[in-house]
Every structure is written in structure tokens, then in C-alpha cells.
S.K.: 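First the structure, then my questions, so here it is.
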Amino acid sequence: MTQGLIDPREPLIADEKSIAVATLVSATGSTSKKVGTKMIVGESGRLLGGVTIGGCVDAQVVEAADALLGQGGRCMLSISLDDDEAWEIGLTCGGTVDVLIDRVDVRDTEDPIRAAHAFAREAIARDESVVIATPLDGRAAAFVLTENGVRHGTLGDALLNERAAAIAGEVMTSTSRVEEIEHAGASRKIFFDRQAPATRIVVIGAGQIAMSLTKMARELEVHTTVVDGRDRYATRERFPDANEIRVGMPSEIVAGIEPTKRTAVVLIAHDYKYELPVLRALLRSRVGYLGMLGSKKRGVAVRALLKEEGFTDAELDRLHTPIGLDIGGKTPPEVALSILAELVAVRSGKRV
Amino acid sequence: MTTFRAAVLEHFKHPRNRGPLDEANASEEGANPLCGDRIRVQLRVIDGVIAEARFTADACALCIASASVMTGRVRGMSSDDAMQLDIAVIHRALEGEPPAGRLKCTVLPLDTLRRALSKPRPEAS
């Protein structure tokens, strides 16, 4: 389920005639999942994803989804996280979650949810964010707005679409949420589901840390490109989880990559022969994150060399070095974990 | 060794003939497969004479210094003479030899140049 969107090519989905799509539309309390997170339940009982980190809530969603697949339609579940038994022994999380469940006919291209997700997937493939607006009541419907203002689908009424488009524009740079719209004398609750292209990590250096990093990044649904000048290192056998492997001159390869704010470049070759040329190519680009493996002393030396070449302090300050959060790790998987942790912290605004 | 080191660093920080060569009619990329040095040597050869030579590299200081010296030396040389160019000439220009185990770094540009000249090439326009 790439990017929280239904993908009919996904093996679990491809085999099903219809599926139930459960979406976390709002949450209070300490749920760890983001609003917009989805779980898919197939007619055969198979599950993909989850709207909470597990336990009794997902179980209730699966039960409701199973029922929906039999009878059709859609439903809203409001589930308290203050489970009685858990409360007694002090293990409750607290709060509530609201989950919208839609039955989607996977093979019907006219199905509004399926069609909206197909349109959204195409936009994301073009590196555009989208917002999908779906009413929480009434019949299934979906209206999609892309980052570039292209629209798809309908909520059933042109005026309602206009109002939804205005809110979707705001949500595009924010987070998914439910909004109430007064329309035709009634209040309509609409869920605005923001979906953005995947964060991409370009890993320079195909060593042990890179091997661990690409494995963990896959779990985080982050797209990875491994770059190295050495074809004996940058191999599919060593990097089964990497989305892409590129062998060549690293500075030329990164110069050819679209430097979006969602692109992170991590220099973990620990070799100036790649670090300096790649930094020269990227310090003035729009790339969202630039990090380099190495000690503080080494970082100072690299900055000094680049400053001699004319890079400003502001440009050099974009470089995160030593790379990663300081979690005291030493082994390649531990260092990879610290790098990914820093990337998550930067992406969520917890770290600049 | 101090002099050699200074010469290498000077060429590394201020490489001559670095960057792509427009209208090259001979080009080759070379790599040291384990250390990762990568270099592209581009030449413009007119009537058997090297009119222009440039290089692009993500490589160590030794490799870049060697390429910097080499591209300067071969300009104006016949391709036959350039094929015979000895690594010792480049080492002399750098006032020394690389440490044991790093010879491959200084040899890579020359090896790549020879392979570029060995390939059939179109006439320079």
C-alpha cells in the first residue's frame, strides 16, 4: 500500500474482487499512528497495514470490515482507547480514534474511491502532493486536488467541490484532518487526506552502514538510491532492499537527481574523494537534507576546504555532520538507525 | 616526500584542465574498483595531435594531481607519443612518488588516457 493509497498492483489487492479500506480520520490521546493511516482488509481475510499499532482497536476494525465486505456500503467507527481491562491494570493509552471504512470494488474503474486513489498515485509519481476529500456520511465519493491545482472527481455538487478545493489547498501544506462544511442548509463532515511523495534518500557509499540503512528505510517506506563508483560494492546482492542502485561518478549522479525538499543525501562513504565533489554539487541545491558521516574534526576540515572554494557559512551550515542523532551506537546497524532517526526528526520539524 | 605532498595538494586544490570538454572526439572513463577513484579523460585529437585534454573525476588527491599534470603534458603531443608517456614523467613533475600501495592512484589517469586513444574516434569537427 504505497503512500497510503490503494494500489491494485499490490499482490494482496490484485487477488481480491473487493476490499475494505479503513482510514484513521481523527484521533485524540496517545495513538502513534498518523491521521490518514490505512488498513486494507480483503474478502479472503487478508490484512495489509493497520490503523493503530495493534491490539484490540485493529481487531474491531477488522470485524467491522469483514461485515462491510458482506453487506456493502461504508461505516464510521468511533473507538475508545480506554479499554476497561487495560484501565484496571494501568495499561490504557487513553483517547479515541475515528475510523472510516469504505468497501471498494477493486475491479471497477468507476468506483469513486478506487478512481481517486488511481489519480492520486499518478500525481505522486510526478512528485506532486495531493489531498483527497471524502465525506464521512452519505454515499462514497471523492474529490482530489493536486499540488499544481489539478482536480479530479466530485463530492456530488459543484459548490461543495469549490469549498472542498479551498480547504484542500490549506491541508496540502499541513496535515490530514476532518473539516465541517456548511452546505445546502446542512453540516457535512469531510475528511481531507493529504498524501505526499515518498521521502527519498540518496546514499553515497555502498558500505555496511548503507546496507543496514536501506533495509530499515524500506520499513519506513522511504525510497532509497545507493550510489558508488565501485561496481563490486554497489550490487543488488548486497542491496536487495534498495529501490535503485547507481554506479558511476557520484557527483554527476547526484547532479542528475531532482533536488526536492523531500530528498535527503547522506554521505557515508567516509571518503573525501566522494564527499567534496558531491557537496560542491549539492550545497547550493534545494535538497532537503545533507548529512556526512565523520567526526566533528573531520567536519570542520571539510567545511574549511569548501569555504576556501567560496562556499558561504550559510551554505555550509546546511551540512549535518556528524550525521545522525547521538544514540551512542557504534555498529553499522546502530549508525544507520541514528541517521534515519535524524531524518525523521528533521522531517517532523523536531530538528532543523 | 614533503615536496611531493605539497605538489599533490597544490594540484588537488587547484586542478588544471578539470571539467568537461565540449566537442571531444575521444573519451574514456576509468575506475579503481576497490578504492573507488573514478575519472573521465576527454580529448580533442586533430590530425593525430592532441589539441585539448581535460578530465572529470571523483577521486583522491593523488589521482587528481596526476590527471592535472598529465592533461597539461599531453596537450600538443601526438597521440602516438602520448601512448608512450611514462608515469615517471608525471611523478617527476610532482617531485616524488606516491607511497607504496598508492601507485594505482597516479596511474589511473594515464591508463584511462591510453584506453581513450586506443579506441576508434571520429574526426574532430
Side-chain angles (χ1 to χ4, degrees), chain A residues 202-211 225-235 237-239 245-257 265 267-283 292-294 298 301-311, chain B residues 5-22 24 27-42 54-71 94 98-99 101-109 111-113 115-116:
Chain A
V202 181
V203 184
I204 311 295
Q208 286 284 312
I209 296 170
M211 289 165 71
T225 301
V226 176
V227 177
D228 205 300
R230 302 166 298 177
D231 55 11
R232 284 179 68 183
Y233 280 76
T235 64
E237 187 178 30
R238 285 165 57 85
F239 292 93
I245 299 169
R246 304 275 301 272
V247 177
M249 228 173 282
S251 62
E252 291 187 344
I253 292 170
V254 297
I257 288 171
V265 178
L267 286 146
I268 50 178
H270 204 256
D271 194 331
Y272 70 90
K273 70 166 69 91
Y274 292 167
E275 291 158 354
L276 292 171
V278 168
L279 289 172
R280 286 183 195 117
L282 294 180
L283 276 171
M292 186 179 80
L293 185 72
R298 197 154 176 281
V302 165
R303 282 168 197 261
L305 267 170
L306 292 168
K307 195 166 182 178
E308 272 183 43
E309 295 180 18
F311 286 95
Chain B
R5 190 172 172 177
V8 166
L9 276 178
E10 204 282 321
H11 276 277
F12 175 64
K13 287 188 174 182
H14 307 287
R16 281 62 142 178
N17 314 310
R18 185 173 192 166
L21 175 60
D22 292 338
S27 178
E28 186 64 33
E29 194 163 315
N32 277 327
L34 294 179
C35 76
D37 286 326
R38 266 195 115 85
I39 186 167
R40 184 182 306 113
V41 175
Q42 292 181 289
R54 296 185 69 78
F55 75 98
T56 308
D58 284 1
C60 69
L62 287 168
C63 183
I64 285 174
S66 173
S68 175
V69 169
M70 179 195 79
T71 45
L94 292 172
R102 299 292 301 277
L103 183 63
K104 64 184 187 309
C105 303
T106 51
V107 166
L108 179 64
D111 178 54
T112 309
L113 170 90
R115 286 193 291 111

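A, B, ... follow the sequence lines: proteins, then strands. Residue 1 opens every chain.
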S.K.: Kindly give the heavy-atom pair with the smallest separation between M249(A) and T56(B), and that separation in Å.
M.R.: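 So the minimum-distance heavy-atom pair works out to CE-O, 3.6 Å.
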
S.K.: Measure E308(A) against the heavy atoms of chain B and call it side chain, backbone, both or neither at under 4.5 Å.
M.R.: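 For E308(A), the side chain is the part near chain B, not the backbone.
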
S.K.: Between Y233(A) and G36(B) (side chain of the first, backbone of the second, donor and acceptor by atom type, cut-off under 3.5 Å), is there such a pair?
M.R.: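 Absent.
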
S.K.: Check this for me: R232(A), atom CZ, are more than 12 non-hydrogen atoms of other residues, nucleotides or ligands nearer than 6.0 Å?
M.R.: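 No, CZ of R232(A) has 12 or fewer neighbouring heavy atoms, counting only those of other groups under 6.0 Å.
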
S.K.: With rounding to the nearest 0.5 Å, note down the distance linking CD in E29(B) to CD in E252(A).
M.R.: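 Those atoms lie 7.0 Å apart.
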
S.K.: For chain A, find which of A59(B), C63(B), P33(B) contributes the most heavy-atom pairs closer than 4.5 angstrom.
M.R.: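 Counting heavy-atom pairs under 4.5 Å, the top option is A59(B).
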
S.K.: Using non-hydrogen atoms only, which part of I64(B) is less than 4.5 Å away from chain A: side chain, backbone, both, or neither?
M.R.: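 No part of it gets close to chain A.
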
S.K.: Indicate the atoms forming the closest heavy-atom contact of R230(A) with N32(B), along with that distance.
M.R.: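 Looking at all heavy atoms of both residues, the shortest contact is CG-O, 4.4 Å.
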
S.K.: Is chain A contacted by the side chain of A61(B), its backbone, both, or neither, given a heavy-atom distance below 4.5 Å?
M.R.: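 For A61(B), backbone and side chain are both near chain A.
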
S.K.: I'd like to know if the side chain of K273(A) reaches the main chain of C35(B), judged simply by a donor and an acceptor atom lying under 3.5 Å from each other, with no hydrogens or angles considered.
M.R.: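 Yes, because the side chain of K273(A) sits within donor-acceptor range (under 3.5 Å) of the backbone of C35(B).
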
S.K.: State, to 0.1 Å, how close A31(B) and G229(A) come at their nearest heavy-atom pair, and which atoms those are.
M.R.: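 In this case the closest contact between A31(B) and G229(A) is CB-O, 4.4 Å.
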
S.K.: Taking atom CZ of R38(B) and atom CG of D231(A), what is their separation to the nearest 0.5 Å?
M.R.: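 R38(B) CZ to D231(A) CG: 6.5 Å, rounded to 0.5 Å.
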
S.K.: To the closest 0.5 Å, what do you measure between CG (D271(A)) and CG (D37(B))?
M.R.: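 D271(A) atom CG to D37(B) atom CG measures 8.0 Å (nearest 0.5 Å).
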
